[in-house]
Asker: 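Structure below; questions to follow.
Chain naming here is simple, since letters A, B, ... match the order of the sequence lines and numbering starts at 1 in each.
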Amino acid sequence: MGLFEPDTEIYRDRDVLREDYQPEKIVGRDTELRQYISALQPVINGDQPSNIFLYGKAGVGKTACTGYLLSELQSDAEQYNVNITLIRTNCEDLSTSYQVAIQLINELRLPSNQVTTGYSKRQVYKMLWEELESVGDTIIIVLDEVDHIDDDSILYQIPHARANGNLSEAKVGIIGISNDFKFRESLSSKVQSSLCEKELQFPAYEADELRDILRQRADVAFYDGVISEAVIAKCAAYGAKDAGDARQSLDLLMETGDIAVEKRTSELAESHVDEARESLEKSRVVEGVAGLTHQGQIVLYALLMLNEEGKTPTRARDVQPRYEMVCNRAAVDPLVPRRMRDHLGELAMLGIANRIERNKGESGGRYYEYSLDTSPKLLLQALQETVDVVGEIETTAQWFDGQT
DNA sequence: AATCCACAGGAAAGTATGGACA
DNA sequence: TGTCCATACTTTCCTGTGGATT
């Protein structure tokens with residue numbers, strides 16, 4: 001036998017399981033689709049589009065439904081001589097209106113004529129209006145994960161551009177998509193009323209809806225007989241468990257498939273699902289740790305040490321000295337407690353750490369207790385894989401080993 | 001009911017960094 | 001080069017909070 005041999009053929013088309021795959025038919029979102037269609041109705045009439053705000057937890061089909069309906073809309077619009085331009089942007093890495101505006105300009109411009117930061121806000125908006133005007137007609141801007149934008153500015157400016165005389169030809173509608181319903185309340189009331197003209201709420205998927213979705217995709221993705229109902233049910237249960245999240249389920253299904261390929265088996269077993277779960281958990285942690293700042297990693301390491309010593313759950317106050325000690329070893333200036341707490345809070349946000357509120361009233365006050373929510377072994381591994389702290393962590397680790 | 005603990009977390013200002021432009 | 005505009009991260013200062021204690 002040679003070094004190479006072809007993979008066992010289990011995938012007919014693996015890409016069908018990917019997040020960016022656009023299914024031909026949307027499963028389990030009938031009511032939402034109906035509402036969505038009526039919200040988009042003005043577009044086909046050639047009127048000013050309504051601004052639409054979609055919300056619902058991650059992986060409940062907001063993006064998928066949007067993609068599906070907009071491509072339908074675009075092809076239908078041609079029949080009625082309505083000219084539509086679609087711009088889709090994910091705001092995940094865009095934290096300000098300024099960056100969003102630049103992103104939109106670049107979407108409209110040729111690759112040879114892109115803009116970067118450095119211009120004043122005013123200039124950037126001016127460029128944006130010019131680009132939008134030159135496109136003209138109906139323009140629909142999809143802002144996925146709008147809640148990542150920290151200020152209202154662009155969400156106010158675009159809907160009011162006509163009233164403020166910045167646009168005359170272009171009819172612009174915004175579709176905002178958010179995981180976070182609280183985002184809506186955080187908007188100023190004038191933005192709220194314009195951005196949220198039409199609101200659609202996407203509820204979490206039920207377990208049986210998830211099974212239908214997985215089955216639909218699996219039928220295309222895998223050859224017949226490769227995947228059993230039990231495996232589908234298990235993946236669906238994983239997504240349904242806490243969030244009704246189809247993406248989680250699909251990721252798990254794909255990882256399961258990959259593991260089966262690796263093992264050169266011809267069908268997916270339930271044990272593969274368990275392995276896939278571990279593997280996904282690991283990459284979640286590794287990515288989370290890699291995304292931390294240097295200081296965040298040091299805070300995590302301090303918490304990790306305390307955990308190994310059996311001193312967790314612990315409060316920020318008690319993490320501080322340990323954290324300062326690690327900083328000392330690493331020759332890094334320690335942060336002030338207020339800031340250290342922010343980093344602890346961030347670890348909790350990422351699901352790496354866990355925190356519970358305590359309140360002991362007059363003799364103790366209100367505080368959080370932190371503990372690790374992830375396997376320490378995995379965290380240490382992830383910290384060591386992260387290049388920039390490896391040296392420091394090593395020396396501290398050696399020191400730490402010597403202490404116990 | 002009033003008090004008070006001890007931190008949570010908001011706000012503003014500061015530091016370091018980097019691109020555009022003249 | 002220096003100025004202007006922006007961002008990420010931090011420090012400083014502060015008010016808010018929930019429940020045990022009085």
Asker: Rounded to whole Å, how long is the line connecting atom CD1 of A:Ile102 with atom C1' of C:dT7?
Answerer: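 For the pair A:Ile102 CD1 and C:dT7 C1', the rounded distance is 11 Å.
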
Asker: Among pairs that include at least one residue of residues 123-134 of chain A, which meet salt bridge (Lys or Arg N to Asp or Glu O under 4.0 Å), considering only residues two or more places apart or in two chains?
Answerer: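 Residue pairs with at least one partner in residues 123-134 of chain A: A:Arg109-A:Glu131, A:Lys126-A:Glu130.
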
Asker: Is a donor from one side chain sitting under 3.5 angstrom from an acceptor on the other, for A:Gln74 and A:Ser71?
Answerer: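 The answer is no; no qualifying pair exists.
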
Asker: According to side-chain hydrogen bond (donor to acceptor under 3.5 Å, both in side chains), who are the partners of A:Gln103, at least two apart in sequence or on a separate chain?
Answerer: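 By the side-chain hydrogen bond (donor to acceptor under 3.5 Å, both in side chains) rule, A:Gln103 matches A:Glu107.
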
Asker: Going from CD on A:Glu267 to NE2 on A:His272, what distance comes out if it is rounded to the nearest 0.5 angstrom?
Answerer: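 NE2 of A:His272 is found 9.5 Å from CD of A:Glu267.
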
Asker: Would you please confirm or rule out a distance under 4.0 Å between OP1 or OP2 of B:dC7 and any side-chain N or O of A:Arg355?
Answerer: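 So the side chain of A:Arg355 is outside the cut-off, no N or O lying under 4.0 Å from OP1 or OP2 of B:dC7.
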
Asker: Given atom CZ of A:Arg122 and atom P of C:dC4, what is their separation to the nearest angstrom?
Answerer: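 After rounding, the reported distance stands at 17 Å.
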
Asker: What pairs meet the salt bridge (Lys or Arg N to Asp or Glu O under 4.0 Å) rule with one or both residues in residues 348-360 of chain A, with sequence neighbours excluded?
Answerer: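 Only A:Glu357-A:Arg366, A:Arg358-A:Glu369 qualify under salt bridge (Lys or Arg N to Asp or Glu O under 4.0 Å).
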
Asker: I want to verify a distance call: between C:dT10, C:dT7, B:dC7, whose nearest atom is closest to the A:Thr96 side chain?
Answerer: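 Closest nucleotide among those given: C:dT7.
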
Asker: What residues form a salt bridge (Lys or Arg N to Asp or Glu O under 4.0 Å) with A:Asp20, not counting sequence neighbours?
Answerer: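 Partners of A:Asp20 under the salt bridge (Lys or Arg N to Asp or Glu O under 4.0 Å) test: A:Arg18.
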
Asker: Restricting to salt bridge (Lys or Arg N to Asp or Glu O under 4.0 Å), what partner residues turn up for A:Glu32, sequence neighbours left out?
Answerer: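 A:Glu32 satisfies salt bridge (Lys or Arg N to Asp or Glu O under 4.0 Å) with A:Arg29 only.
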
Asker: Does A:His343 have a side-chain nitrogen or oxygen under 4.0 Å from the phosphate oxygens OP1 or OP2 of C:dT10?
Answerer: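 Checking A:His343 against C:dT10: at least one side-chain N or O falls below 4.0 Å of OP1 or OP2.
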
Asker: How many whole angstroms separate atom CZ of A:Arg315 from atom P of B:dC5?
Answerer: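 About 14 Å, once rounded to whole Å.
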
Asker: In whole angstrom, what separates A:Glu346's CD from C:dA8's P?
Answerer: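 Interatomic distance, CD of A:Glu346 to P of C:dA8: 13 Å.
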
Asker: Identify, with sequence neighbours excluded, every residue that meets side-chain hydrogen bond (donor to acceptor under 3.5 Å, both in side chains) alongside A:Glu206.
Answerer: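 Once residues adjacent in sequence are excluded, A:Glu206 has no partner under the side-chain hydrogen bond (donor to acceptor under 3.5 Å, both in side chains) criterion.
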
Asker: What does the B/S/- profile of nucleotides 15-22 of chain C look like, 5' to 3', with a 4.0 Å heavy-atom cutoff to protein?
Answerer: -BBBBBBS

Asker: Applying side-chain contact (heavy atoms from CB on, under 4.5 Å), can you list everything that pairs with A:Arg339, at least two apart in sequence or on another chain?
Answerer: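 Partners of A:Arg339 under the side-chain contact (heavy atoms from CB on, under 4.5 Å) test: A:Leu335, A:Val336, A:Asp342, A:His343.
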
Asker: Encode nucleotides 10-22 of chain B as B, S and - characters from 5' to 3', where the letter depends on protein heavy atoms closer than 4.0 Å: B to the base, S only to sugar-phosphate, - to neither.
Answerer: B--------BSS-

Asker: Ignoring hydrogens and angles, write down the donor-acceptor pairs under 3.5 Å from the side chains of residues 33-40 of chain A, residues two or more places apart or on other chains.
Answerer:
| residue | atom | partner | partner atom | Å |
| --- | --- | --- | --- | --- |
| A:Tyr36 | OH | A:Thr66 | OG1 | 2.9 |
| A:Ser38 | OG | A:Gln35 | O | 3.1 |

Asker: Starting at OH of A:Tyr98 and ending at P of C:dC4, how long is that distance when rounded to a whole Å?
Answerer: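 To the nearest whole Å, that distance equals 16 Å.
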
Asker: List for me each residue that meets side-chain hydrogen bond (donor to acceptor under 3.5 Å, both in side chains) alongside A:Glu275, sequence neighbours excluded, and say none if there are none.
Answerer: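 A:Lys263.
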
Asker: Of the listed nucleotides (C:dT10, C:dT7, C:dC9), which one gets closest to any side-chain atom of A:Gln99?
Answerer: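 From the listed options, C:dT7 comes nearest.
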
Asker: Starting from C1' on C:dC5, measure out to CE on A:Met127 and report it in whole angstrom.
Answerer: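 Between C1' of C:dC5 and CE of A:Met127: 12 Å.
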
Asker: What's the NZ-C1' distance between A:Lys121 and C:dC4, to the nearest Å?
Answerer: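 Taking NZ of A:Lys121 and C1' of C:dC4, I get 15 Å after rounding.
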
Asker: Output the pairing pattern of DNA chain C as a dot-bracket string, 5' first, Watson-Crick or G-U wobble with both distances under 3.5 Å, | for cross-strand pairs, [ ] for crossing pairs.
Answerer: ||||||||||||||||||||||

